[in-house]
Amino acid sequence: VTAAGRVAVIVAAAGRGERLGPGAPKALRELGGVPLLVHAVRAMAGAASVDVVVVVVPADEVGPVRILLDAEATSRAELLVVAGGDSRRSSVRCGLAALPVDVDVVLVHDAARPLAPGALADAVAQAVRAGADAVVPGLPLADTVKAVDGAEFVTSTPDRATLRAVQTPQGFARSVLQAAHDAATDDAATDDAGLVERNGGRVLVVAGSGEAFKVTRPIDLVLAEAVLARRRADAHG
Ligand code: C5P
């Protein structure tokens, strides 16, 4: 990648989010009165390094989300809304297909991580610009992790010091991410960096953020509300 191209973020928001309980698609659930998706797009579009944001939503939400985000559009980033697919991988592919030609650095972000700071996107994009093919934010683990067999018996305990819990936004040279998606034939990889690894690429971990956690279970919404409340208090204090 050169200094000439633009940086895009694909925000994957086409999942149904069943683990959060019944109701609207997860990305449209509200946090502090604002849909998760809007929090995520605000943060990414507000990041200094981000030029284009492609939001991938369920096909029947393209129109409504476009209207929702047009009401927001205060940042200089270009905003596109496209329909996604049945799996996260196919949704990211839909986002890739919509990228303008002059984009050469692509970040992929989960709408389900609404509080990931824009500065994290900047750090990831910067590491790609500096020469890495693929960059993921990651944190050391608090818990010990066990591998188990089909009957829940432990088969091994990896050394915790060698593990990282990885987050999004993940960043890529556009050609690297496109090649990894073109080569993928199944949904075994649970993140985009996993596709790059399977395609022989090298992935660098940079420092993640405690605020980039994924809202998956109902208790995650409680934590997210608390983070928002603290941000509001900091802004007014
Ligand atoms: O299900 P999971 O938590 O892995 O979803 C991560 C992200 O991928 C979510 O933001 C979700 O909206 C998105 N996704 C998608 N298209 C799908 C499934 C998930 O964009 N078909």
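For reference, positions follow the sequence shown, starting with 1. Counting starts at 1 for both ligands and their atoms, following the listed order.
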S.K.: Is the closest basic N to carboxylate O distance between Lys26 and Asp110 below 4.0 Å?
M.R.: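 A salt bridge is absent here (no side-chain N lies under 4.0 Å from a carboxylate O).
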
S.K.: Could you tell me whether Asp133 and Arg202 make a salt bridge, using a distance below 4.0 angstrom between a side-chain N and a carboxylate O?
M.R.: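 No salt bridge links Asp133 with Arg202.
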
S.K.: With a 4.5 Å cut-off on side-chain heavy atoms, are Leu96 and His181 touching?
M.R.: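 With C-beta onward as the side chain, the pair touches.
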
S.K.: Strictly below 4.0 Å, N to O, side chains only: are Asp192 and Arg93 in salt-bridge contact?
M.R.: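 Arg93 and Asp192: not salt-bridged.
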
S.K.: Assess whether atom CZ of Arg76 is packed by more than 12 heavy atoms of other residues, nucleotides or ligands within 6.0 Å.
M.R.: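 Yes, because the 6.0 Å sphere around CZ of Arg76 holds more than 12 heavy atoms from other groups.
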
S.K.: Using a 4.0 Å cut-off on heavy atoms, what residues surround ligand 1? Order them by chain and number.
M.R.: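 For ligand 1, the contacting residues are Ala12, Ala13, Ala14, Gly15, Arg19, Lys26, Gly85, Asp86, Ser87, Arg88, Ser91, Asp110, Ala111, Ala112, Lys214.
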
S.K.: Taking only residues two or more places apart in sequence, or in another chain, which ones meet Asp159 in a side chain to side chain contact (heavy atoms under 4.5 Å, CB included)?
M.R.: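 Once residues adjacent in sequence are excluded, the partners of Asp159 under the side chain to side chain contact (heavy atoms under 4.5 Å, CB included) criterion are Ala161, Thr162.
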
